[in-house]
Structure formats: C-alpha cells, structure tokens
There are 4 protein chains.
Amino acid sequence: MAQPPATRPNASRRSERSRRAILAAALDLVGEVGYARLSIEGIAARAGVGKQTIYRWWPSKGAVLFDAILALSEDAEGRPAALPDSGDLEADLKQVMRATIEELSDPRFDEPLRALTAERMHDPVLAADHAERLDEPMTEIKKERLRSAQRAGQLPEDLDLDLAVELIWGPLLNRWLLRSGPLTPGYADALVEAVLRGLRP
Amino acid sequence: MAQPPATRPNASRRSERSRRAILAAALDLVGEVGYARLSIEGIAARAGVGKQTIYRWWPSKGAVLFDAILALSEDAEGRPAALPDSGDLEADLKQVMRATIEELSDPRFDEPLRALTAERMHDPVLAADHAERLDEPMTEIKKERLRSAQRAGQLPEDLDLDLAVELIWGPLLNRWLLRSGPLTPGYADALVEAVLRGLRP
Amino acid sequence: MAQPPATRPNASRRSERSRRAILAAALDLVGEVGYARLSIEGIAARAGVGKQTIYRWWPSKGAVLFDAILALSEDAEGRPAALPDSGDLEADLKQVMRATIEELSDPRFDEPLRALTAERMHDPVLAADHAERLDEPMTEIKKERLRSAQRAGQLPEDLDLDLAVELIWGPLLNRWLLRSGPLTPGYADALVEAVLRGLRP
Amino acid sequence: MAQPPATRPNASRRSERSRRAILAAALDLVGEVGYARLSIEGIAARAGVGKQTIYRWWPSKGAVLFDAILALSEDAEGRPAALPDSGDLEADLKQVMRATIEELSDPRFDEPLRALTAERMHDPVLAADHAERLDEPMTEIKKERLRSAQRAGQLPEDLDLDLAVELIWGPLLNRWLLRSGPLTPGYADALVEAVLRGLRP
DNA sequence: GTATAATCGAGACGGTACGTCCCGTCTTAGT
DNA sequence: ACTAAGACGGGACGTACCGTCTCGATTATAC
C-alpha cells in the first residue's frame with residue numbers, strides 16, 4: 001500500500017506501526033507455512049494486531065501479501081528506474097534475465113510471488129491491481145530499453161514492443177510458474193538469442 | 001485419480017455412478033462459485049454422495065477437478081494424437097494457436113483450467129502429476145510437428161525443440177493466465193510469425 | 001448516571017443535548033432489538049454521538065438504560081408521591097394493582113423494565129443502585145398506605161410492613177417476570193383479596 | 001437434554017461423551033466466571049469439543065446451562081416426586097421453604113439459576129421451555145400437597161391452587177432474585193404463617 | 001474578547017466472541 | 001466391500017462490539 005491516496009480510505013489516523021507489523025508478519029508466515037496455510041488470523045496474531053485492523057485496510061490475504069512484496073522490493077532496491085543500457089541489447093538482456101532467474105530462485109521471493117501470481121489468476125480485481133501497480137511499470141521499463149535499441153538500429157522501427165516483451169519474458173515466466181524446466185543462466189542466454197534472432201531487422 | 005480412467009481393471013467394487021456424479025458436480029460447481037469456494041463438502045452434497053467416497057479415491061479437490069477436466073476433454077474430442085501437418089508449418093501453427101485461443105476463451109474450460117494451473121503452481125506433487133499426464137503428451141505432439149518441419153528443411157536440424165515449444169506457446173499461456181492482453185486470432189498470427197522468424201535456418 | 005438528573009449542579013460542561021439524545025436512542029433501540037442486542041456502539045451511532053461521550057458518563061449499557069427509564073417515568077407522570085387513600089384499603093390496592101398491570105403490559109415499559117430487572121439480578125452494584133433509587137421510594141410509598149390502614153384499624157398494629165408489601169406485590173412481579181400466567185384485572189383482585197384475608201386482624 | 005426424543009434431532013449418533021463434557025464444562029465455567037462472561041467458545045474449549053458440536057444440539061448458552069442444571073438436579077436427587085406430607089401443612093411448608101432457601105444460598109445453584117432466570121425473562125422461547133420442563137412439574141408437585149391439605153380439611157375446597165402456589169412461593173423467589181431482603185429460616189416461617197392465615201377456611 | 005481547557009464527533013486500535021463453513025476422520029446402517 | 005449420511009474435533013472465516021486511545025473542532029467559562 002505504498003501510494004497513499006489510492007487504497008487508503010482515510011490514511012490520516014492510520015497506524016504506521018501496525019501496517020509495518022502486518023506486512024512483516026505476512027512475509028514471515030508465507031515463508032514458514034506457505035501461502036495455502038497463511039491466514040489473516042495468523043498474520044494478526046503474529047503482528048500483535050486485531051483482525052479488524054487488517055480487514056479495515058485490505059480485502060484479502062492476497063492483497064496483504066501483494067503490499068508486503070511491494071514494500072519488500074521497494075526497501076531492497078531504490079526502484080531501478082531503468083534496465084542497463086550498455087549499447088549491446090543482447091548482452092544487456094542476458095544480464096537482466098540472469099538476474100531475474102536468480103531472484104526467482106531466492107525462496108524469499110519464490111514462495112510469495114508464486115502465491116500472488118496464483119491468486120491473481122482467479123481474482124480479476126486483484127489481477128487489475130497487480131497489473132496496474134506491478135506489471136505496467138515493469139513493462140514500461142522493459143519497453144524503454146527496447147526503444148533505445150530501436151534508436152540504435154538494433155530493432156526495427158515498427159516493432160510491436162508489447163509483443164516483443166512478451167516474447168522475451170513470457171517463456172521464462174512460464175517455465176518458472178509451471179516448473180516445466182530448469183532455470184539456468186544457459187537457458188537465459190539461449191532464450192534471449194533465439195528471440196532476438198527473430199526480432200532483429 | 002489414481003487409475004487412468006479409461007481402463008480401471010481392479011477398482012472392483014468402485015461405483016461408476018458415483019464417480020461420474022462427483023466429476024460432474026465438481027465441474028458444475030467450479031463454474032458456479034469458482035475454485036476458491038469449491039469444497040469437497042459441496043461436491044459431495046451436489047453429487048448426492050458421502051464425503052468419504054470422495055476422500056477414498058482422490059487426495060484433494062484439485063485432484064478431483066483434474067480428473068474432471070481430463071474426462072471432459074476426453075469426452076469432447078477423441079484425443080487428437082497429432083497436430084495438423086499440411087507441409088506449411090506457419091499455417092499449421094497459426095491454426096493450432098487460434099484453436100487453442102478459442103478453447104481458452106470457452107468458460108467451460110477457462111475457470112477449471114485456470115484453477116488447476118494455479119493449484120499446480122503451489123503443489124509440486126500435483127505439478128508432477130499434471131506434467132506427466134497432461135504436459136508431456138502435449139509437448140510430445142508439438143515436438144513431433146516441429147520434427148516434421150525439420151525433416152522438411154523448414155527448421156534447423158540442431159534446434160532445441162523444447163525451447164522452441166516454449167517460445168511458441170509460452171507467451172500465449174502467459175497472456176491467458178495473467179490476462180496481460182486480449183487473446184485474438186491476430187495475436188496468434190503475430191506471435192507465430194515473430195517466433196518462426198527467429199527459429200528458421 | 002452519577003448525578004440524580006433533576007439537579008446536576010457541577011456537570012458544568014456537559015452537553016444536555018447529547019445526554020437527551022443518548023437516553024432517547026437507548027429507549028428506541030431496546031424496543032427495536034431487545035436488550036441483548038442493544039450496544040453502546042449502537043446507541044452512540046443512533047444518537048449521533050461519540051462512544052466516549054457515553055463511556056464518560058455511564059459505566060455500562062444497563063446504567064444508560066436505567067437513566068433512560070427513570071427519565072421516561074419522570075416525564076410521563078409527575079411523581080405520584082402517594083398511593084390513593086379512600087379509606088377502603090382493599091379497593092385502593094385493587095386499583096393500584098390494576099394500574100400496575102396496565103403499565104407492565106405497555107410495551108414501552110415492558111421490554112426495558114424487564115431488561116433492567118434481569119441486569120440487576122447479576123450485578124450487585126447495579127442492584128444496589130436500583131434498590132436505592134427505585135425500590136426504596138416505591139416501598140416507602142406502599143408502606144405509607146399500609147400504615148394509614150393500621151391507623152384505621154384495618155390492619156394489625158404489629159404487622160411486618162415489609163413482609164406485607166412483599167406478599168402483595170411479590171406474586172404479581174413474579175408472574176410478570178416469569179410469564180407464569182396472564183396479567184388480568186381479575187388476577188389483581190383475587191390476589192389482593194387473598195392476601196388481605198391473611199393480613200387483617 | 002434428558003428426555004431423548006423431545007429436543008434431539010437425531011439422537012442416534014450423538015456422542016454421550018461430548019454431551020456430558022459440555023454440560024460439566026458449562027457448570028464449571030459459570031461458577032468460575034459468571035454467566036455474563038460464560039461463552040460457547042469457552043465451554044467448547046473446556047470440554048475439548050468443537051464449537052459446532054454445541055451449536056448442533058443447543059441454540060444458545062442459556063439452553064446449555066439449563067440442561068446442565070437439569071442434569072445436575074437429576075443426578076443429585078432421584079426426582080423427589082412429592083413434597084413431605086406429615087399431615088401438618090404448615091410444618092411441611094416451612095420445612096420445604098427452609099430447604100429451598102438453603103438451596104438458593106448454595107453458590108453452586110445460585111449463580112446458574114439466577115443466570116437462567118434472567119435469560120428466560122428476555123427469551124420467550126427459552127421461557128416456554130423452562131416453564132414446560134421445570135415449572136410445570138414443580139408446580140404440580142406443590143399443588144398435590146395442597147390438594148392433600150384440602151382433603152384433610154385444612155384448606156377450602158374451592159381454593160385456586162395456582163394462585164395459592166404463587167402466594168406462597170412468589171414472595172420468596174422475588175426476594176431471592178431482587179435481593180430485596182435476607183433469606184433466613186425466620187423469613188420462611190413468617191411467610192408461610194402469613195399466607196396460610198389468609199388461605200385457611 | 002480572547003485564551004484555554006473540558007467536552008464533543010469521529011473512528012482506529014488490540015481484543016474477545018460470535019455463528020458459519022469446511023476440513024479430514026470417524027462411525028453407523030443399508031445395499 | 002462399498003456406499004450415503006452425517007457427527008466429531010478442529011481451524012479459519014468475516015462481523016459485531018468491547019473499552020481505550022488519539023485526533024481536530026467546538027464551546028463556554030475565567031482571564
């Protein structure tokens with residue numbers, strides 16, 4: 001719940017202390033017992049908070065966890081506003097993909113991210129929220145790097161950037177979600193190479 | 001869900017009547033209330049069956065639903081053992097992709113498939129079962145078509161077929177699962193064209 | 001409920017407006033939902049008042065209701081300082097009993113009085129308060145009428161007046177509280193006759 | 001819930017073990033924390049029983065407690081089917097009243113009985129249940145003793161027995177419930193004497 | 001006439017209990 | 001042997017209130 005006015009009914013009297021405790025408890029617990037056995041009751045107890053305080057500000061455990069993850073990534077990094085741009089698109093993408101793979105292999109991210117992604121598949125409201133607050137900024141960052149490559153003549157001017165982003169990251173996400181294969185640096189490289197071969201002018 | 005439902009030799013005393021009623025009830029209910037609020041208790045009541053009869057034969061509601069979907073797709077089609085092979089890989093793939101999109105847009109398939117996919121993301125046991133009984137046969141069928149294209153010289157001999165399958169179907173699955181864009185015939189065509197451009201020798 | 005509401009000298013800053021609204025809301029609500037589901041939260045909301053304003057001046061919902069009933073009976077009558085005294089004790093008592101029965105049948109009094117009486121059965125503090133502010137004045141009034149009868153030679157000089165009051169009003173109260181029989185004018189008469197037969201010299 | 005078919009939906013599969021544990025826990029707890037802080041949740045926990053098992057068989061904590069008290073008095077005595085009958089009505093009644101006073105002074109009975117009586121004042125359903133299962137048998141026993149006195153010529157033939165019972169026991173119950181005076185053997189005697197004086201032919 | 005402090009409405013907070021839904025196990029009767 | 005039925009101990013749900021606790025925003029004396 002980073003952006004104040006969007007989701008908070010009346011942020012004025014809200015207890016920052018409780019908010020932090022809830023997000024922390026949610027992350028802790030999802031790591032300990034998994035998403036399926038994560039419960040609002042449990043989060044409240046761990047956070048030393050009344051259940052109502054959670055229900056007042058979040059509609060579901062999925063929403064709590066989403067905010068927790070968002071807060072986590074905001075704390076961890078300082079919002080990396082852009083992908084690396086060394087001039088060499090292929091090298092840059094490989095680097096990014098390898099980093100993504102590493103992140104997805106970190107159990108601190110894997111469990112909660114996986115849970116969140118499962119949740120949004122069912123719940124269109126949650127899905128819209130995630131799309132707006134997570135996917136769109138990320139996609140924009142990726143498209144920005146591709147635009148830079150277009151300017152450098154490494155990609156055709158008329159390329160459908162949304163499609164391109166999907167071509168690059170879609171297979172990776174799929175392999176991660178469905179565990180349909182190992183996530184190795186070699187896979188990252190092979191994927192980038194194969195896709196770029198098709199995209200280049 | 002233990003035995004492949006086609007031949008169940010030693011399930012001597014098992015009531016076929018109840019089995020069908022359970023699978024039908026599961027499909028009905030998942031369509032009515034969604035996967036999250038689907039319950040074994042509810043399935044039993046709808047099927048006019050004791051709860052124990054479900055627990056005796058399936059380990060979880062996910063397993064019931066999986067069998068239900070398997071039975072559904074078996075009834076619907078007659079197991080298409082191969083992808084179309086007209087000699088024109090691009091045309092064939094476009095046709096298959098368009099058909100897939102149509103299937104995924106059918107609410108009779110959408111909800112339960114989505115639920116199933118979400119479930120397997122958490123549960124590695126379920127995931128392995130799905131991989132074995134659903135993904136592997138499907139992937140083999142797809143790879144077979146690509147092999148045929150290799151023989152026809154439309155794809156390089158040393159192509160990594162598993163990667164190729166992921167490149168083609170991964171983005172589509174992703175768009176469907178995450179609702180990150182509309183599933184249109186045009187999208188199918190653009191996807192196939194872009195990927196094949198990269199794969200061709 | 002601290003100060004007798006008639007004279008409240010030092011409640012300097014207290015809002016008379018809120019006090020009235022609270023008592024009125026309490027009476028309204030107890031009539032609508034009954035005592036068990038009456039809540040301070042509900043009274044505050046109905047009265048358009050902060051919860052704290054209630055907690056500041058009353059210790060419990062029972063105390064609020066007690067004041068509300070007291071205020072009600074003060075408004076309704078002008079404090080009848082004495083029972084009727086026509087010289088005929090039996091006739092006077094019958095009249096009073098019939099009036100009491102009528103009052104107890106009025107739903108405006110029945111529910112809240114019943115609630116109050118139930119409450120004081122548990123809570124000795126409340127009970128003492130009620131005894132002091134409600135019962136003792138009433139009992140004194142009743143005993144006064146009996147004393148007059150003693151002076152007129154209709155009752156023995158050495159009669160235990162407290163016991164006599166209990167003998168007359170006890171059965172009536174019991175029948176009302178426990179609903180152990182219908183409250184009719186005939187019952188009032190029979191009761192008075194039977195008791196007086198035993199009390200007379 | 002002593003009488004099987006009256007209150008049990010389907011007594012066949014009911015766990016006698018749980019039933020006993022629940023009634024015992026209810027009595028224990030009401031003694032420890034009082035009726036107001038007695039909770040179904042608490043009873044269930046103390047009895048080592050699921051809450052649903054209580055809700056399945058009783059509609060409210062008041063109903064549980066009523067059964068608990070009924071069971072208690074059934075265990076304690078062997079159903080005293082009649083009041084003592086020595087031929088001397090006054091002596092017999094004094095003895096009974098003194099015994100009643102003693103029982104009402106026993107905290108093992110006082111708290112729960114008081115709570116129950118308060119509860120039935122609000123809840124007409126509970127009230128009817130109590131009237132049927134507790135009051136009516138008791139009243140019948142009392143009336144039987146009075147009928148015997150009628151036969152012995154100690155009471156008039158045309159006496160309204162229901163009224164007589166109320167005259168004798170009503171004041172006592174009232175004094176107990178409202179704590180409007182001390183419950184002493186002397187009070188019992190005075191009460192019986194005064195009432196009988198009025199009832200005798 | 002202004003300052004100033006008690007009181008006000010509003011409502012968030014940590015809690016307890018509610019009554020309900022299901023879980024997965026179990027027992028009973030019926031076929 | 002398997003079934004329909006459903007009671008059982010248990011966990012969590014989402015809601016209602018509890019009594020306490022800030023928040024500004026009035027008021028209504030006492031300066």
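The sequence lines fix the lettering, A, B, ..., with proteins before strands; numbering per chain opens at 1.
- The nucleotide whose nearest atom lies closest to any side-chain atom of A:Trp57 is, among E:dC8, F:dA7, E:dA12, E:dA12.
- Not counting sequence neighbours, the partners of A:Asp110 by the side-chain hydrogen bond (donor to acceptor under 3.5 Å, both in side chains) test are A:Arg114, A:Trp176.
- Applying the side-chain contact (heavy atoms from CB on, under 4.5 Å) rule to B:Thr53 yields the partners B:Ser18, B:Ile22, B:Val49, B:Arg56, B:Trp57; only residues at least two apart in sequence or on another chain are considered.
- Near-neighbour residues of DNA chain F inside residues 41-51 of chain B, defined by a heavy atom below 4.0 Å, number-ordered: B:Gly48, B:Val49, B:Gly50, B:Lys51.
- The 5' end of DNA chain E is approached more closely, in terms of each residue's nearest nucleotide, by D:Arg37 than by the other of B:Ile40 and D:Arg37.
- For the pair D:Ile54 CD1 and E:dG19 C1', the interatomic distance rounds to 12 Å; values are reported in whole Å.
- With DNA chain F read from its 5' end, the first of the two nearest nucleotides for A:Ser39 and B:Thr53 is the one closest to B:Thr53.
- Close to F:dC2, at under 4.0 Å from its OP1 or OP2, lies no side-chain N or O of B:Ser15.
- C:Arg46 is linked by a side-chain contact (heavy atoms from CB on, under 4.5 Å) to C:Ala25, C:Asp28, C:Leu29, C:Glu32, counting only residues two or more places apart in sequence or in another chain.
- The side-chain contact (heavy atoms from CB on, under 4.5 Å) test applied to C:Ile40 returns C:Ile54, C:Tyr55, C:Lys61, not counting sequence neighbours.
- Checked against E:dC26, E:dG9, E:dC13, the side chain of A:Arg13 finds its nearest nucleotide in E:dG9.
- Comparing A:Ser18 and B:Tyr55 by the nucleotide of DNA chain E that holds the closest heavy atom to each, the one mapping nearer the 5' end is A:Ser18.
- In this structure, C:Lys61 places its NZ atom 14 Å from C1' of F:dG19, rounding to the nearest Å.
- Among residues two or more places apart in sequence or in another chain, the salt bridge (Lys or Arg N to Asp or Glu O under 4.0 Å) test is passed with B:Glu41 by B:Lys51.
- Of the inter-residue distances, the one linking B:Glu111 atom CD with B:Tyr35 atom OH reads 10.5 Å to the nearest 0.5 angstrom.
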